[in-house]
Amino acid sequence: MTKVFVLNGPNLGRLGTRQPEVYGAVTYAQLAEHVAATGEGLGLDVDVRQTDHEGQMIEWLHEAADADAWVVINAGAWTHYSYAVADAAALVNYVEVHISNVYAREEFRHHSVLSAGAKGVIVGCGVGGYDLALAHIAAR
Ligand code: DQA
C-alpha cells in the first residue's frame, strides 16, 4: 500500500475561521477527516498532519523520506521563502497544494520555493485540491 503523508503548515489549523472568503468554510478537522476518507477510497495509507513549527515540518519530511512515503504538502507561507522546508522536501516525492489561487493574490505569494522540485502543483481548487493530489499519486 502506498504511504502518503499529507502535511499542512502554519495557520492551516485555523481553516474554517481564517479568512473564509479566501479559504472557505471547511474546518481543519473536517479537511483532515475528508482527506483521510479520500485516501482510503483510493487505497492509499494516508497520514494527515498540521504544524505551525518549521522544524516539526522538516522532521516530518525526514520521516516521510525514511518511510519511502509520498507527500502532499501545503506549506502555507513557508512555500514562499523557506529554503529549509524546500531542502527537506527534496528528499521525497511530493505534490504541492494551495487551497487559494496564489497567483490572484499578493505578489509575494506568486513565487514558490517548492514548485521546481514538485511532481505536481495544484493551486486554487479549494480543499478539493488535496483530493486531486491523492488521485494523482494513486494513479501513478
Ligand atoms: C496557502 C497560500 C499561502 O500563500 C498562505 O500563506 C497559506 C495558505 C493556500 O493553501 O492557499 O497559508 O498555502
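In listed order, ligands and their atoms are each counted from 1.
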Any N or O of I99 closer than 3.5 Å to N or O of ligand 1: yes

Any N/O pair S100/ligand 1 closer than 3.5 Å: yes

Sub-4.0 Å atoms of ligand 1 with respect to non-hydrogen atoms of H80: 3 (C), 4 (O)

Any donor-acceptor N or O pair under 3.5 Å, side chains Y130, N8: yes

From CA spacing to verdict: side chain to side chain donor-acceptor pair (under 3.5 Å), T79, E96: CA-CA 9 Å; T79 303; E96 177 184 352; 4.8 Å; no

Closest protein heavy atom to atom 2 (C) of ligand 1, given as residue, atom name and distance to 0.1 Å: V102 CG1, 3.7 Å

T79 heavy atom under 4.0 Å from ligand 1: no

Spatial distance of atom CD (Q50) from atom CH2 (W60) [nearest 0.5 Å]: 7.0 Å

Atom indices of ligand 1 within 4.0 angstrom of Y23 heavy atoms, with elements: 5 (C), 7 (C), 8 (C), 9 (C), 11 (O)

Contact with ligand 1 for N74, non-hydrogen, under 4.0 angstrom: yes

Protein contact of atom 5 (C) of ligand 1 - nearest heavy atom, named by residue and atom, plus distance: R109 NH1, 3.3 Å

Single-linkage hydrophobic cluster V123~L132, side-chain heavy atoms < 4.5 angstrom: no

F5 six-ring centre to R49 NZ/CZ under 6.0 Å and within 45° of normal: yes

Identified side-chain hydrogen bond (donor to acceptor under 3.5 Å, both in side chains) counterpart of S100 within the set E21, Q19, R105: R105

Mutual orientation of the aromatic rings belonging to H110 and Y103 [parallel < 30°, tilted 30-60°, perpendicular > 60°]: tilted

A77-ligand 1 polar pair, N/O distance under 3.5 Å: yes

Option whose closest heavy atom lies nearest to atom 12 (O) of ligand 1, chosen from R18, R105, H98: R18

Which segment of V22 sits under 4.0 Å of ligand 1 when only heavy atoms are counted: neither

Partners passing salt bridge (Lys or Arg N to Asp or Glu O under 4.0 Å) against D131 (at least two apart in sequence or in another chain): none

